[in-house]
Amino acid sequence: MPSTNHYDVIIIGSGAGGGTLAYRLAPSGKRILILERGDFVAREKDNWSTRAVNVLGKYQTKEQWLDSTGKPLHPHTNYNVGGNTKFYGAALFRLRREDFGELQHAGGLSPAWPISYDDLEPYYTEAERLYQVHGERGADPTEPSASAPYPYPAVSHEPRIQQLHDDLARLGHRPFHVPLGIMLDEQQPVTSRCIRCDTCDGHPCLVHAKSDAEVVCVNPALAYPNVLLLTNACVSRLETTASGREVSSVVVERNGVTERYSADIVVSSCGAINSAALLLRSASERHPRGLANGSDVVGRHYMGHVNSVLMALSKCPNPTVFQKTLALNDFYFGSDDWAFPMGHISFVGKLDAVTLSAGAPAIAPGWTLDLMAKHSLDFWLTSEDLPDPDNRVTVDRDGRIRLAYKPNNEEGHKRLMAKLEHLMNRQGACAEHGHACHVGLFSRSLFIGQRIPLAGVAHQNGTIRFGHDPEQSALDPSCKAHEVDNLYVVDGSFFPSSGAVNPALTIAANALRVGDHLLDRLGARVAEVTAVAGSLAGR
Ligand SMILES: Cc1cc2nc3c(=O)[nH]c(=O)nc-3n(C[C@H](O)[C@H](O)[C@H](O)COP(=O)(O)OP(=O)(O)OC[C@H]3O[C@@H](n4cnc5c(N)ncnc54)[C@H](O)[C@@H]3O)c2cc1C
Ligand code: SF4
């Protein structure tokens, strides 16, 4: 391809942000180039092998970053078409209405967003439709109001999870069905694309039944002749015009060759850590601290949630196949005995002995890993971490990523764990073991220690925050760089605060919102584009 190749829009990265944006812009007829550093995830039996995925890390990047002390760090992240959504658990939550305002936490203030929940609500509704979310409106007491029901019914609980639901409800709680982007048709199991397997969370879907950004966005976008995807195309740098006001060249390393592309509009959608790194690597005379970084916020305020996996062990087995159906938000904003937010209780996919062998769980006396895996309920706890300017992404002289992170706001998380322990101790008596059925809570992580550590960057966000004030943010409310007229960032980096639910639906909804802004800027009428997309979807 000649180095002068010019497009209307270049999108760098094809995950929740970039993939969704490409889907939105594709029907416009504008020339769109997607540059993705990874390849398509191969469809092969290893997609569903816990050994290949969790022990060998077959699909993770082999790249090494550095921690704040300069020690090598192997990030658990994936570079491929569809980004990290190929591996996500497809739990697709809206942030709560309150998450868009200031929220006092025990550890400090969670700042307000420059847009309100109502600004994003129509796009949440669209994103739920696009990602085929299965859920039950109104069951989660913290859920914000919505303009439409979920497009598909909630995924049912298997008996052990239903039993937990009933126990929690008996104790006066409001457990609810996790909104899930899986293409499961429980009424028509024979023709259902999703087969409800036990290797969903953390694995790619071999039968393409998970609503990931490749399946629901990138592949449909590529059906348009005006959209081109280049894989194994790693963007190393963005160059600007002499004034520094426009990106003039996107520098790409592809198959060992340096290539250059340009576009009227350039969008970085590399994920929160890599988008920050790309802007920092693109420092120039006009942008000495990094592209669009006059404010010095680029790379700062890295957030990744305070997360733990906790195994609740029972004497009775847990034969659940697809475990990630139940969640509890009753402690999201606090409780009678604690006035500050604690967070969200949910599940990971069912753990097995192979996966456990990759980490260092506390082993219950008299139990093996296999027995523990067969008898555990495997909870996923999420609390909000606060935007600390010293938690940051930087790049060293060779362009290598360095990630500094000191956990904060941990008291709420500890209390959330204590709440779960308390609830598990009050489960109903089982017929065989009575109340002694519950053995205890055990922490589990892929590493030693109970919190998900630094390398667990699954929920990365917040490194290039959006806002009205160019002193405090690198992006304006439309996610355009304050200092560069044709540069946008559309991925998890725009979050000024992280909330305590999974981020992907918010990233996708925001991509649709920014997509409408770009269509307008490009002179493509939004209503017409949506109509074309609708008619093609019906083909
Ligand atoms: C195991 C796991 C489970 C998860 N479960 C959930 C869940 O249940 N619910 C939820 O909401 N979220 C979940 N997440 C998080 C979710 O996947 C992310 O929030 C989301 O994918 C982030 O979207 P993004 O667009 O910011 O980045 P990504 O989806 O990471 O996309 C970034 C893309 O940019 C590409 N890229 C990076 N740098 C460059 C470059 N220099 N040049 C070209 N391309 C580049 C990458 O290869 C990648 O394809 C999970 C994540 C993981 C890893
Ligand atoms: S078949 Fe269903 S449960 Fe299994 S990986 Fe695919 S989407 Fe997930």
Side-chain angles (χ1 to χ4, degrees), residues 11-21 34-39 47-48 53-54 59-61 63 75-93 131 155 178-184 192-215 218 230-238 250-254 268-275 277-278 281 304-305 321-322 324 346-349 380 382 399 401 456-461 463 489-495 501-508 510-511:
I11 301 172
I12 310 165
S14 62
T20 309
L21 181 65
I34 308 170
L35 295 167
E36 168 53 57
R37 73 185 291 170
D39 212 326
N47 289 178
W48 281 348
V53 172
N54 294 328
Y59 301 103
Q60 281 167 10
T61 176
E63 195 175 54
H76 289 198
T77 194
N78 305 277
Y79 296 152
N80 47 257
V81 178
N84 280 292
T85 66
K86 288 303 291 179
F87 296 85
Y88 74 171
L92 292 174
F93 284 94
Y131 280 79
V155 175
V178 173
L180 284 165
I182 59 173
M183 300 171 196
L184 179 67
S192 170
R193 198 155 152 186
C194 167
I195 59 165
R196 194 180 182 129
C197 71
D198 60 355
T199 46
C200 194
D201 197 11
H203 298 250
C205 179
L206 178 54
V207 295
H208 277 193
K210 178 151 70 179
S211 300
D212 62 51
E214 180 211 339
V215 171
V218 177
L230 295 182
T231 55
N232 301 304
C234 184
V235 176
S236 56
R237 192 176 161 76
L238 304 176
V250 176
V251 185
V252 177
E253 305 303 324
R254 193 161 74 98
S268 178
S269 299
C270 302
I273 293 173
N274 272 294
S275 274
L278 177 60
R281 283 184 199 120
H305 282 151
V321 174
F322 188 93
K324 203 170 165 146
S346 180
F347 278 90
V348 289
W380 170 253
T382 307
I401 291 173
V457 294
H459 286 192
Q460 58 181 275
N461 68 85
T463 53
V489 182
V490 178
D491 54 26
S493 56
F494 76 103
F495 285 37
V501 287
N502 315 49
L505 189 76
T506 301
I507 297 169
N510 184 59

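First listed ligand is number 1; within each ligand, the first listed atom is number 1. Residue indices begin at 1 and follow the sequence shown.
Taking distance alone, with nitrogen or oxygen atoms compared against 3.5 Å, Asn80 approaches ligand 1 more closely than that limit. Considering backbone and side-chain N/O atoms, Val490 never comes within less than 3.5 Å of an N/O atom of ligand 1. Among the atoms of Phe87, none of the N or O lies under 3.5 angstrom from an N or O of ligand 1. Where the criterion is an N or O separation shorter than 3.5 Å, residue side chain and backbone included, Ala91 meets it with respect to ligand 1. For the pair Val235 and ligand 1, the shortest N or O to N or O distance falls below 3.5 Å. Checking only distances, Val81 never comes within under 3.5 Å of ligand 1, N or O to N or O.
Residue Gln460 places no heavy atom under 4.0 Å from ligand 1. Put simply, no part of Leu278 is less than 4.0 Å from ligand 1, judged by heavy atoms.
At a heavy-atom distance under 4.0 Å, only backbone atoms of Ala90 (N, CA, C or O) approach ligand 1. The side chain of Asn274, and not its backbone, has at least one atom closer than 4.0 Å to an atom of ligand 1 (non-hydrogen atoms only; side chain from C-beta on). Using a 4.0 Å cut-off between heavy atoms, Thr85 contacts ligand 1 through both its backbone and its side chain. The side chain of Lys324, and not its backbone, has at least one atom closer than 4.0 Å to an atom of ligand 1 (non-hydrogen atoms only; side chain from C-beta on). By the criterion of a heavy-atom distance under 4.0 Å, the backbone of Ser269, and not its side chain, is placed next to ligand 1. In Asn461, neither the side chain nor the backbone holds a heavy atom less than 4.0 Å from any atom of ligand 1.
Listed by atom number, the atoms of ligand 1 under 4.0 Å from Ala233 heavy atoms are 42 (N), 43 (C). Which parts of ligand 1 touch Ile12 is read off a 4.0 Å heavy-atom cut-off, strictly below it: atoms 42 (N), 43 (C). The Gly17 neighbourhood of ligand 1 comprises atoms 25 (O), with distances under 4.0 Å to a heavy atom of that residue. Listed by number with element, the atoms of ligand 1 under 4.0 angstrom from any heavy atom of Gly271 are 26 (O), 27 (O), 32 (C). Each of the atoms 41 (N), 42 (N) of ligand 1 lies under 4.0 Å from some heavy atom of Cys234. Taking every heavy atom of Tyr79 and a limit of under 4.0 angstrom, the matching atoms of ligand 1 come to 46 (C), 47 (O). Residue Leu35 approaches ligand 1 through these ligand atoms, each under 4.0 Å from one of its heavy atoms: 43 (C), 44 (N). Residue contact check: Gly83 has heavy atoms under 4.0 Å from atoms 29 (O), 31 (O), 48 (C), 49 (O) of ligand 1.
Atom 49 (O) of ligand 1 has Glu36 OE1, 2.6 Å as its closest protein atom, hydrogens excluded (heavy atom only). At the shortest separation from atom 26 (O) of ligand 1 among protein heavy atoms lies Gly492 N, 2.9 Å. Among protein heavy atoms, the minimum distance from atom 23 (O) of ligand 1 is reached at Ala16 CB, 3.3 Å. Closest to atom 11 (O) of ligand 1, if we only count protein heavy atoms, is Ala504 N, 2.8 Å. The closest protein non-hydrogen atom to atom 19 (O) of ligand 1 is Pro503 CG, 3.3 Å. Of the protein's non-hydrogen atoms, Asn502 CB, 3.2 Å is the one closest to atom 10 (C) of ligand 1. The protein heavy-atom contact nearest to atom 3 (C) of ligand 1 is Tyr88 CA, 3.4 Å. Nearest non-hydrogen protein atom to atom 36 (N) of ligand 1 is Arg37 CD, 3.6 Å.
Taking all heavy atoms of Gly82, Gly15, Gly349 into account, the minimum distance to atom 31 (O) of ligand 1 is reached by Gly15.
A distance of 14.0 Å separates CG of Asp198 from NZ of Lys324, quoted to the nearest 0.5 Å. Here the CD1-CG distance, from Ile273 to Asn461, works out to 9.5 Å after rounding to the nearest 0.5 Å.
Around atom 6 (Fe) of ligand 2, the protein contributes the following N, O or S atoms under 2.8 Å, ordered by chain and number: Cys205 SG.
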Take Asn502 and His459 through the test side-chain contact (heavy atoms from CB on, under 4.5 Å) and record every step on the way to the result.
-> CA-CA 7 Å; Asn502 315 49; His459 286 192; 3.9 Å; yes
